[in-house]
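What follows is one structure encoded as C-alpha cells, with my remarks underneath.
This chain uses plain numbering: 1 for the first residue, then up along the sequence.
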Amino acid sequence: MNKIWQKATDNDSLVDQFTVGQDRELDLVLARFDVLGSMAHITMLESVGLLTSSELEALLDGLKTILSEIEDNNFTIDDGVEDVHSQVEGLLTARLGNVGKKIHSGRSRNDQVLVDLKLYFRHEIYEIFSDVELLFNQLISLADQHKAKLMPGYTHLQLAMPSSFGLWFGAYAESLLDDMEMMLAAWRVCNKNPLGSAAGYGSSFPLNRKMTTELLGFEDLNYNVVYAQMGRGKTERILAQAMGSIAQTLAKMSMDVTLFLNQHFSFISFPDHLTTGSSIMPHKKNPDVFELIRARCNQLSGLSNNIQMVTQNLPSGYHRDLQQIKEMLFPAIGELKSCLKMMHYMLENITVKEGLLTEDKFKYLFSVEEVNRLVLSGIPFREAYVQVGLAIEKGEFNPERQVKHSHEGSIGNLCLPEIENAFQQLKSDFGFEKVEEALKTLAEK
C-alpha cells in the first residue's frame with residue numbers, strides 16, 4: 001500500500017493522477033520538516049505511554065537516517081507513493097517493521113502537513129530575512145557613501161526639489177524595514193504549533209501539545225483544533241502579503257533604475273556586461289535585469305489575492321482545494337529570493353553621476369530653497385513665494401545651488417544609524433536563534 005489512508009480498493013488511475021497533482025515534486029522541499037515533525041511527535045508519544053523507550057529509540061534512529069539521506073540529496077518519493085508522509089512512514093516500516101506504523105498514532109495527514117508547512121515557512125522566512133538584511137545593509141552603505149551627491153527630486157514626474165543619492169538609497173532601506181515589519185507578523189502566525197489538531201477535531205489520545213511546541217521551537221500553539229485547520233490558506237495568504245510588500249519595494253526601485261539609466265536622465269550607470277544590447281541598434285544598453293525584477297515582483301504582488309481566491313468561500317474544516325496553494329506559493333518563494341539576490345548583485349556595480357544639479361535645466365529645483373532663504377531674511381512666506389515666481393516667469397531666476405537641510409531624515413541628516421538600529425531591533429523580535437537551537441537539539445536526539 002502506497003497511501004497511508006489506502007483501503008482495499010485501488011483508486012482509478014486518472015483520479016489518482018489528478019488528485020495527487022504536483023504533490024510529489026513539491027513535497028520534496030517539505031521532507032526535512034516532515035522528519036523533524038515526526039521526531040517531535042514520537043518523542044511526545046513515548047512520554048504519554050503510546051510508545052516504549054526502545055520503540056522510540058529505534059524510530060528516532062530510523063528518522064535520523066532518513067534526515068541524513070535528505071540532507072545528502074539521496075531522498076526521493078517513489079513512483080506510486082502519494083506524498084512525503086507516505087514515503088517516510090513507508091521507509092520506516094520497510095526498515096524497522098511494524099513499529100514504523102506506530103508513528104501516525106494521534107495525528108492525521110491534515111495536522112502533519114500543517115506542521116510541515118509551518119516549519120518550512122519559518123525556514124524560508126529566515127532565508128528571505130537574510131537576503132533582505134544583505135540588501136538593507138548595502139543600501140545603508142550606499143546612502144552613506146553618496147550622501148553629499150545631489151540629484152533631482154520629482155513629483156508627478158516633474159522637477160520638484162533637490163534630493164540626493166543618499167536620500168534615494170536610504171529610502172529603499174527604510175522601505176525594507178517596514179516590509180520586514182509585515183514579515184514579522186507572518187512569522188508570528190507561522191510560529192504557532194498546529195500539531196495535535198489531527199483532522200481538525202483533536203484526538204482521544206492524551207497528547208501533550210505543549211511538549212511538541214517546545215521541541216519544535218514554536219513560540220506558542222494554535223489552541224483551538226478547528227482553527228488550526230482553518231489556519232491553512234490563511235497562513236499562506238499572510239506570508240504572501242508580506243512577500244508582496246518586499247516585492248513592491250523591489251519593483252519600485254527597479255522602475256527608478258530603468259528611468260535613471262535612460263539617456264535623458266543618465267543619473268546612474270552599470271558596466272556593459274550587466275546590461276543587454278539590441279540586434280539592430282548598436283548603441284543600446286538595456287536594463288533587462290531590472291525590467292525582469294519589476295515584472296516578477298509585480299506578479300508576486302498579486303500572489304496573496306490568488307491564494308484568497310482559493311480560500312475565501314471555503315467553510316471550516318479541511319478541503320482538497322488547499323493543495324493548490326502549494327503550487328502557487330512554493331515557486332514564488334524561490335522567485336522572491338532570486339530577485340533579492342539579483343538586486344544586491346546589480347547594486348554592487350552601480351555608478352552614480354556627480355555634479356548633476358550644476359546643469360542649467362535643473363535650476364528650478366532650487367525655487368523652494370530660494371523662497372525659504374528669503375523667509376529666513378524676514379520676508380513673509382507668501383510674499384517670498386510670489387517674488388520667486390515672478391523671477392521665474394521673467395527668466396530672471398538665478399538661485400544659489402546649495403541646500404541646507406538639517407532636520408531628521410533630510411538631505412543633511414539621513415538618520416542612517418537610527419534606521420539601522422530599528423532593523424536590528426526588528427531582527428531580534430523574530431527570535432531566529434531560539435528556533436535554530438530547538439531544531440538542532442531535536443535532530444540530535
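Using modelled atom types, one finds a donor on one side chain and an acceptor on the other under 3.5 Å when comparing D288 with T276. The closest side-chain donor-acceptor pair between D429 and Q425 falls under 3.5 angstrom. If you check the side chains of R109 and Q112, you find no donor sitting under 3.5 Å from an acceptor. Q248 and S245 are not linked by any side-chain donor-acceptor pair at a separation below 3.5 angstrom, with hydrogens and angles left out of the test.
For the pair N298 (side chain) and R294 (backbone), a donor-acceptor distance under 3.5 Å is present. Without hydrogens or angle criteria, D144 side chain to I140 main chain gives no donor-acceptor distance under 3.5 Å. Checked by atom type and distance alone, the side chain of Q87 pairs as donor or acceptor with a backbone atom of D78 at under 3.5 Å. The backbone N or O of L250 sits less than 3.5 Å from a side-chain atom of S254, completing a donor-acceptor pair. Using modelled atom types, no side-chain atom of H104 and backbone atom of G100 make a donor-acceptor pair closer than 3.5 Å. Side chain of S338 to backbone of G334: no donor-acceptor contact under 3.5 angstrom is found. At distances below 3.5 Å, not a single donor-acceptor pair connects side-chain atoms of T235 with backbone N or O atoms of R232. A donor-acceptor pair under 3.5 Å is formed between the side chain of E236 and the backbone N or O of G233. Counting only distance, with no hydrogens or angles, the side chain of N413 and the backbone of S406 share a donor-acceptor pair below 3.5 Å.
The residues R188 and D220 are annotated as not salt-bridged, no charged nitrogen and carboxylate oxygen being separated by less than 4.0 angstrom. By the 4.0 Å N-to-carboxylate-O rule, E359 lies close enough to K353 to be salt-bridged with it. For E69 and R95, the salt-bridge test passes: some basic side-chain N is under 4.0 Å from an acidic carboxylate O. In this structure, E219 pairs ionically with K434, as a charged nitrogen and a carboxylate oxygen lie closer than 4.0 Å. Salt-bridge check for E55 with K102: passed, with a basic side-chain N closer than 4.0 Å to an acidic carboxylate O.
A heavy-atom distance below 4.5 Å is not found between the side chains of Y154 and S163. Residues S38 and E89 fail the side-chain proximity criterion, which asks for heavy atoms closer than 4.5 Å. By the 4.5 Å heavy-atom criterion applied to side chains, L177 and S175 are not counted as neighbours. You'll find the side chain of L67 reaches within 4.5 Å of the side chain of E71, heavy atoms only. Side-chain contact between L135 and M343 is present, with at least one heavy-atom pair separated by less than 4.5 Å. Between F218 and K118 the shortest side-chain heavy-atom distance falls below 4.5 Å. For the pair V435/F430, no side-chain contact is recorded, criterion being any heavy-atom separation below 4.5 Å from C-beta on. Proximity of I333 to K337: side-chain heavy atoms (C-beta onward) are separated by under 4.5 Å at one or more points.
Here the CG-CG distance, from L336 to L300, works out to 6.0 Å after rounding to the nearest 0.5 Å. If you take NE2 on H41 and CG on L215, they are separated by 12.0 Å, rounding to the nearest 0.5 Å. Atoms CD1 and CE, on I125 and M180 in that order, are 8.0 Å from each other to the nearest 0.5 Å. For the atom pair OH of Y318 and CG of D111, the computed distance is 12.5 Å after rounding to the nearest 0.5 Å. The distance from the CD1 atom of I419 to the CD atom of E174 is 4.0 Å, given to the nearest 0.5 Å. Going from atom CD of Q241 over to atom OG of S301 covers 11.5 Å, rounded to the nearest 0.5 Å.
Taking the six-membered ring wherever Trp is involved, the centroid distance between the rings of F270 and F290 falls below 6.0 Å.
No cation-pi contact links R32 to Y120, judged by a cut-off of 6.0 Å to the six-membered ring centre and 45° from its axis.
Crowding of K341 atom NZ: a count of heavy atoms from other residues, nucleotides or ligands under 6.0 Å exceeding 12. Atom NZ of K440 has 12 or fewer neighbouring heavy atoms from other residues, nucleotides or ligands inside a 6.0 Å radius. Counting non-hydrogen atoms of neighbouring residues, nucleotides and ligands closer than 6.0 angstrom, the CD atom of E436 reaches no more than 12 such neighbours. Shown here is F362, whose CZ atom has more than 12 heavy atoms of other residues, nucleotides or ligands within 6.0 Å. Counting heavy-atom neighbours within 6.0 Å of K147 NZ, excluding the residue itself, gives a total of 12 or less.
Relative orientation of the W187 and F432 rings is perpendicular, given thresholds of 30° and 60° on the angle between their planes. Note on ring orientation: taking the six-membered ring where Trp is involved, the planes of H407 and H405 are parallel (angle under 30°, cut-offs 30° and 60°).
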Determine, step by step, whether F423 and F129 satisfy the ring-ring contact (aromatic ring centres under 6.0 Å, His included) criterion, reporting the C-alpha distance in whole Å, the side-chain angles of both residues, the deciding distance to 0.1 Å, and the verdict.
CA-CA 11 Å; F423 193 91; F129 185 95; 5.3 Å; yes
Evaluate side chain to side chain contact (heavy atoms under 4.5 Å, CB included) for D27 paired with K326, printing each intermediate quantity in order.
CA-CA 9 Å; D27 272 13; K326 290 159 67 177; 2.6 Å; yes
Could you walk me through whether R320 and Q323 satisfy the side chain to side chain donor-acceptor pair (under 3.5 Å) test, starting with their C-alpha distance in whole Å, then the side-chain angles of each, then the deciding distance to 0.1 Å, before giving a yes or no?
CA-CA 6 Å; R320 196 66 179 262; Q323 176 178 300; 2.6 Å; yes
Please report the C-alpha distance between L216 and L119 in whole Å, then the side-chain angles of each, then the deciding distance to 0.1 Å, and finally whether the side chain to side chain contact (heavy atoms under 4.5 Å, CB included) criterion is met.
CA-CA 8 Å; L216 291 167; L119 293 173; 4.1 Å; yes
Does S86 form a side chain to side chain donor-acceptor pair (under 3.5 Å) with D83? I'd like the steps, not just the answer.
CA-CA 5 Å; S86 302; D83 52 34; 2.9 Å; yes
Between L63 and I42, does a side chain to side chain contact (heavy atoms under 4.5 Å, CB included) hold up when you go through it step by step?
CA-CA 10 Å; L63 287 170; I42 61 174; 3.6 Å; yes
Determine, step by step, whether D179 and T249 satisfy the side chain to side chain donor-acceptor pair (under 3.5 Å) criterion, reporting the C-alpha distance in whole Å, the side-chain angles of both residues, the deciding distance to 0.1 Å, and the verdict.
CA-CA 8 Å; D179 295 336; T249 295; 2.6 Å; yes
Begin with the C-alpha distance, continue with both residues' side-chain angles, and end with the deciding distance and a verdict on side chain to side chain contact (heavy atoms under 4.5 Å, CB included) for E291 and T258.
CA-CA 7 Å; E291 291 172 336; T258 57; 4.0 Å; yes
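Between T213 and the options N222, N208, N193, a side-chain hydrogen bond (donor to acceptor under 3.5 Å, both in side chains) holds for only N193.
Smallest separation of non-hydrogen atoms from A247 and C297: O-CB, 3.2 Å. What you find for E369 and P162 is that their closest heavy atoms are OE2-CD, 4.1 Å. In this structure, F136 and E420 approach most closely via the heavy-atom pair CZ-CA, 4.0 Å. Across L114 and S197, no two heavy atoms sit closer than the pair CD1-OG, 4.3 Å. Smallest separation of non-hydrogen atoms from L167 and S164: N-OG, 2.9 Å. When every heavy atom of R107 is checked against every heavy atom of I103, the shortest pair comes out as NE-O, 3.3 Å.
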